[in-house]
Participant: 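Right, I'll just put the structure down here and ask away after.
Please read all numbers here as calculations on a predicted model, not as lab measurements.
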Amino acid sequence: LAVPIAHLHTDWGRGLLAGTLSRASVYLGNDSGVSHLAAALGIPSLILFADANLPWRPWAAHASVRTVTMSHVVDDEIEAVVADVRRLLT
């Protein structure tokens, strides 16, 4: 995708992290505290989860969840994630 990407670090202070996230057009991340923060801030998000962890997903309407295989890379899942992010960007 031809969009700027920011790499967020959890060792940033919460204020700096929240401020940086609040400027994002879209967020893509795994099941983490940062992903939950992005969802809480109202950022259109795609969050990757293992099927077993779905009960802990963010329930915000603008936070989409995709279950993925955690043990290895699956080409079809990569294509689906890219398609989901493209939809969020349009």
Side-chain angles (χ1 to χ4, degrees):
L1 297 174
V3 295
I5 295 175
H7 296 279
L8 304 179
H9 301 279
T10 56
D11 58 343
W12 291 357
R14 282 179 293 223
L16 179 59
L17 180 60
T20 301
L21 281 171
S22 70
R23 299 185 52 85
S25 301
V26 133
Y27 174 83
L28 168 65
N30 65 327
D31 176 14
S32 67
V34 176
S35 294
H36 286 272
L37 179 58
L41 290 169
I43 299 158
S45 303
L46 176 61
I47 305 170
L48 308 179
F49 267 77
D51 193 46
N53 294 342
L54 280 177
W56 293 281
R57 64 171 285 189
W59 292 98
H62 52 270
S64 303
V65 170
R66 175 163 290 282
T67 56
V68 294
T69 305
M70 295 295 184
S71 59
H72 60 279
V73 175
V74 177
D75 289 340
D76 290 345
E77 291 177 350
I78 294 171
E79 292 171 14
V81 168
V82 169
D84 289 347
V85 170
R86 284 192 172 131
R87 275 192 287 282
L88 287 173
L89 288 169
T90 59

Participant: Output all residues satisfying side-chain contact (heavy atoms from CB on, under 4.5 Å) with A40, sequence neighbours left out; order by chain, then residue number.
Facilitator: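 side-chain contact (heavy atoms from CB on, under 4.5 Å) check on A40 returns nothing, list empty.
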
Participant: Output all residues satisfying side chain to side chain donor-acceptor pair (under 3.5 Å) with T69, sequence neighbours left out; order by chain, then residue number.
Facilitator: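 Side chain to side chain donor-acceptor pair (under 3.5 Å) check on T69 returns E77.
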
Participant: Just verifying a value: how many Å separate L46 CG and L88 CG, rounded to the nearest 0.5 Å?
Facilitator: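 Interatomic distance, L46 CG to L88 CG, rounded to 0.5 Å: 6.0 Å.
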
Participant: Minimum heavy-atom separation for A63 and A39, please, with both atom names.
Facilitator: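 Scanning both residues, the minimum pair turns out to be CB-CB, 3.9 Å.
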
Participant: Hey, any chance M70 and V81 share a hydrophobic cluster, counting ILVMFWY side chains that come within less than 4.5 Å of each other, even indirectly?
Facilitator: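 Yes, M70 and V81 fall within the same hydrophobic cluster.
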
Participant: Mind checking what makes side-chain contact (heavy atoms from CB on, under 4.5 Å) contact with N30, not counting sequence neighbours?
Facilitator: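 Expected list: S32.
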
Participant: By the side-chain hydrogen bond (donor to acceptor under 3.5 Å, both in side chains) test, which pairs, at least two apart or in different chains, include something from residues 39-56?
Facilitator: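 Qualifying pairs: none.
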
Participant: Keeping to residues at least two apart or across chains, list the salt bridge (Lys or Arg N to Asp or Glu O under 4.0 Å) pairs with something in residues 55-70.
Facilitator: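 Sorted result for residues 55-70: R66-D84.
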
Participant: For H36 and D31, work out which heavy atoms get closest and say how close.
Facilitator: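 In this case the closest contact between H36 and D31 is NE2-OD1, 3.7 Å.
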
Participant: How does the hydrophobic cluster around I47 look, that is, which other residues are in it when side-chain heavy atoms under 4.5 Å mark a link?
Facilitator: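 Hydrophobic cluster check, I47: joined to F49, L54, V65.
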
Participant: Under 4.5 Å between side-chain heavy atoms, counting indirect links through other Ile/Leu/Val/Met/Phe/Trp/Tyr residues: same cluster for V74 and L48 or not?
Facilitator: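 Hydrophobic grouping puts V74 apart from L48.
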
